[in-house]
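Inspection log for the structure reproduced underneath, given as structure tokens.
Just so you know, these numbers come straight off a predicted model, no measurement behind them. By convention in this document, chain letters (A, B, ...) are assigned in the order of the sequence lines, proteins followed by strands, and residues within each chain are numbered from 1.
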Amino acid sequence: MTPIDPVLTETIRNPQTVLSALDFAGVAVFAATGALAAAREKHDLVTFAFFAAITGVGGGTLRDLLIGVPVFWVQDWRYIAVCLVAALAIWLLGWRDWRFRALLWLDAVGLAAYGVMGAAKAMAVGAPPLICVVMGTLTACFGGVIRDLLAGQPSILLRREIAVSAAILAATVYVTLRTFEAERWTAAAVAMVLGFALRACALRWGWSLPGFPSGPTRS
Amino acid sequence: MTPIDPVLTETIRNPQTVLSALDFAGVAVFAATGALAAAREKHDLVTFAFFAAITGVGGGTLRDLLIGVPVFWVQDWRYIAVCLVAALAIWLLGWRDWRFRALLWLDAVGLAAYGVMGAAKAMAVGAPPLICVVMGTLTACFGGVIRDLLAGQPSILLRREIAVSAAILAATVYVTLRTFEAERWTAAAVAMVLGFALRACALRWGWSLPGFPSGPTRS
Amino acid sequence: MTPIDPVLTETIRNPQTVLSALDFAGVAVFAATGALAAAREKHDLVTFAFFAAITGVGGGTLRDLLIGVPVFWVQDWRYIAVCLVAALAIWLLGWRDWRFRALLWLDAVGLAAYGVMGAAKAMAVGAPPLICVVMGTLTACFGGVIRDLLAGQPSILLRREIAVSAAILAATVYVTLRTFEAERWTAAAVAMVLGFALRACALRWGWSLPGFPSGPTRS
């Protein structure tokens, strides 16, 4: 029997460390999608870094400003460092179509995880349940919205593909379970799995929401 | 003689309740214009909700962040609820051209009312008069600016039609009257009527400001 | 020998006054570039004022919100007044191509100066060095990014021309020198000169950063 790595054991025993590692992983995934948006347009390294940082920390920044707590990355420089490393990694590794597809799936995990984390942070400062769901959704989606806005591309807001909905589902399930006093980690796990499952179905089978049926006829 | 509804009587006696009702009405009108922007592009219900919320509370959110007070809708979930109801209403009622025109007029009322309310909130935290006018204008206009930016449409900033000017007028009149110690409700009423009148003239007779006369010749 | 103006003497003796004068000069230059963006599209005077104000104070506003200090122009109305005067000046003076080119060079000074000032303000609230560089860069560049976003033009983020890099250089040099305990004014002067020199080379010889070499082939 191989001896178990003591750091890994410690990590498993201490959920705070797991959460923190997940948090950095989430920022890295979002930052990588930002850098890829820059790669698609063949931008330079500075723009890679800018897009990576905005996409990686944008949603959480808006959440922290709105709920009135110190912005999470301003006192802890490692978040921005993770974004810069992600930008550099995409630059050095180069574009491969399969990498782009792999990132879509990692992004789906990030969407569900950030929906839950954003809602949890808003609950921690005592925001009402509906507002916690809004904060979870913003945390998960807003970085991508700014990325697309700056890149001049249609954002997920303007596509009918199910993406924002998955974040809303994850945040809603977490807030509902916690309101009925479910254990924190159980609630987070259930919410993340459901949110990810919805986004995965959308990716796999192209699920989308119906558009507004009536509307002005365009000339 | 018909007996008067006691709730209505109470409302008339208590200006705070009137103001609060007006505030929710204003959010609802702005949110409806946001949902209509989504309707024009035949978006789905989630996008309707997003556009309604951003347009409904966007201007006031920026104002509160800038003057450093808690963001108004974060502790009171009813503002977001009103936005969601407005989005759902537009979705269910469907598009009618006359409704769009009716909303333009309601929007004109909202523009004048929010110019005054935003300025009043900034005065309450002791901002200088010029800054109060800026805050009133931002409160009235910024939600619409973000809405158009996200929808990829030219914003009111880029059209010469008089709209921002009406909000500036309303805020300026209110701040001026209050600086000369006019009674709060009188000042608000005069400012709103003047701001609305200016916007109404622009809607009715297509008033617009002159554009920059000189400029580079386009090739 | 002509007697020296006593106000000028006082100004030279008191660096705080110089800094304050430079600060207003920087806001005025950025505001003028905002007004010019409005001039290029032949907008009206209200839009001139809006673009001038957003470009003039936008970067510093984001910095102050992120580091959690009161927004600099909300308590001191003179910053907005300077923006309005700059907008009016551009409107009255009219478009001349040489003025546009002159502003590009003033803008280069502003870019370097604001990179330093933004970093210095972040250091004053105890942010980590990497974050101070980010804040310097945001202060120098973000006003222009919002200006271009609202004007519907490709922002400096999307061009490979060296502009953001000059702000990064200025902020990095200042933060590095200060970390090694260089004297405040020496550090600021060296950082500004280097940042300006880089931007000047980019303007003079069209220096730009290399774009991402690999990437998806567009169909």
Next item on the list: Carefully, step by step, assess A:Ile131 and B:Gln75 under the rule side-chain contact (heavy atoms from CB on, under 4.5 Å).
Entry: CA-CA 8 Å; A:Ile131 302 304; B:Gln75 295 307 325; over 6 Å; no
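- Atom CD of A:Glu181 is surrounded by 12 or fewer heavy atoms from other residues, nucleotides or ligands within 6.0 Å.
- A:Val145 has its side chain within reach of B:Leu150: a pair of non-hydrogen atoms, C-beta onward, lies under 4.5 Å apart.
- Counting non-hydrogen atoms of neighbouring residues, nucleotides and ligands closer than 6.0 angstrom, the CH2 atom of A:Trp105 exceeds 12 such neighbours.
- Proximity to chain B (any heavy atom under 4.5 Å) is restricted, for A:Ile168, to the side chain, taken from C-beta onward.
- Of the listed residues (B:Tyr79, B:Trp77, B:Trp91), the greatest number of heavy-atom pairs within a distance under 4.5 Å of chain A belongs to B:Trp91.
- Of all the listed residues (A:Ser208, A:Pro128, A:Ser165), the one sharing the greatest number of non-hydrogen pairs under 4.5 Å with chain B is A:Pro128.
- The heavy-atom pair separating B:Ile80 from A:Val134 by the smallest distance is CG2-CG2, 4.1 Å.
- If you measure heavy-atom distances from A:Leu138 to chain B, the contacts under 4.5 Å come from the side chain alone.
- Of the two parts of A:Leu65, the backbone and the side chain both hold a non-hydrogen atom closer than 4.5 Å to a non-hydrogen atom of chain B.
- Here the straight-line distance linking atom CG of A:Leu66 with atom CH2 of B:Trp73 works out to 4.5 Å at 0.5 Å rounding.
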Checklist line | Residues A:Leu130, B:Leu84; criterion side-chain contact (heavy atoms from CB on, under 4.5 Å); working and verdict | finding: CA-CA 11 Å; A:Leu130 175 62; B:Leu84 298 181; 4.2 Å; yes
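- For A:Leu149, the part sitting under 4.5 Å from any heavy atom of chain B is the side chain, from C-beta outward, and nothing else.
- Looking at B:Ala53, there are no atoms closer than 4.5 Å to chain A (heavy atoms on both sides), in backbone or side chain.
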